[in-house]
Amino acid sequence: MDIQKPAGHLDQMIRQTRAHHVSLSSLADQKANMMLTIAALMIPLSTRFLYEERSHLAATTLIAFCVLTIVLAAYAAMPKLKIRNGTVSSNDHKKASFNLLFFGSFTRMTYSEYMGAMETMMNDPNMVYETQLREIYSMGHYLARKKYKFVLFSYLSFITGILVSSTIYVIGSYS
């Protein structure tokens, strides 16, 4: 990376992008918690219908989809750490997966290695920008491919459960 003129507008852009990523992560957690709560409330409300012959299958289906929704939402909100065992080699710093600003990467380093790597990075403006951009990329990649993916699955599971159980109930009413 070769930044010709490091300047305040670049710093502001990076700072703003990081803030957006943190907000998106918080929003995903809120959505996952909402789905957890709704699905968890639906289970006890549905159990009374398990004992009615006409609605037994519909209630069972809804409860099953609510349990699936809870699992998916919990997985979306669950912290996922990619903390590898072992030490950091000199080549790790060059890998896109290594992030000097993320604790999952730098906790494998000794304090002196970390301070040396930070000093090297902070004395090179291009490296500072590259490290920050790597962090933004990693955060965005994680949000898109992990967190929001499972929030989406939890929503889809809940909606599918409502639709399938309602369909079963309506079809069962006519037979």
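- For Leu143 against His21, the heavy-atom pair with the smallest separation is CD1-O, 3.5 Å.
- No side-chain donor-acceptor contact under 3.5 Å links Ser26 to the backbone of Val22.
- More than 12 heavy atoms of other residues, nucleotides or ligands lie within 6.0 Å of CE in Met34, so this atom counts as buried by the packing criterion.
- Closest approach of Ser154 and Met35 over heavy atoms only: OG-CG, 3.7 Å.
- The two atoms that bring Ile14 and Tyr129 nearest to each other are CD1-CD2, 3.3 Å, heavy atoms only.
- Note that OH of Tyr75 is 6.0 Å distant from NZ of Lys146, once rounded to the nearest 0.5 Å.
- One finds the OH atom of Tyr169 at 7.5 Å from the CZ atom of Phe49 (value rounded to the nearest 0.5 Å).
- With values rounded to the nearest 0.5 angstrom, Thr131 atom OG1 is found 10.5 Å from Asn126 atom CG.
- Minimum heavy-atom separation, Arg134 to Asn99: CD-CA, 4.4 Å.
- For the atom pair OH of Tyr111 and CZ of Phe106, the computed distance is 11.0 Å after rounding to the nearest 0.5 Å.
- Atom CG of residue Leu36 and atom CG of residue Leu41 lie 10.5 Å apart, to the nearest 0.5 angstrom.
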Side-chain donor-acceptor pairs of residues 59-72 under 3.5 Å, sequence neighbours excluded:
from, atom 1, to, atom 2, distance (Å)
Thr60, OG1, His56, O, 2.8
Thr61, OG1, Leu57, O, 2.8
Thr69, OG1, Phe65, O, 2.8
Thr69, OG1, Ser157, OG, 3.0
Thr69, OG1, Phe158, N, 3.2

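- More than 12 heavy atoms of other residues, nucleotides or ligands shown are found within 6.0 angstrom of CD on Gln12.
- In this structure, Arg15 has no salt bridge (Lys or Arg N to Asp or Glu O under 4.0 Å) partners at least two apart in sequence or on a different chain.
- A single hydrophobic cluster is seen to contain both Met109 and Met118, as judged by linkage of ILVMFWY side chains at heavy-atom distances under 4.5 Å, directly or through other members.
- Using modelled atom types, one side-chain atom of Tyr148 and one backbone atom of Leu24 make a donor-acceptor pair closer than 3.5 Å.
- Heavy atoms only, all atoms of each residue included: Arg18 and Met139 are closest at O-CE, 4.0 Å.
- Atom CG of Leu152 and atom NZ of Lys147 lie 15.0 Å apart (nearest 0.5 Å).
- Between the Thr110 side chain and the Glu113 main chain, a donor and an acceptor come within less than 3.5 Å of each other.
- Nearest heavy atom pair, residue Val151 against residue Ala32, reads CG2-CB, 4.2 Å.
- Evaluated for a side chain to side chain contact (heavy atoms under 4.5 Å, CB included) with Ser166, the options Ile162, Leu163, Val164 yield exactly one hit, Ile162.
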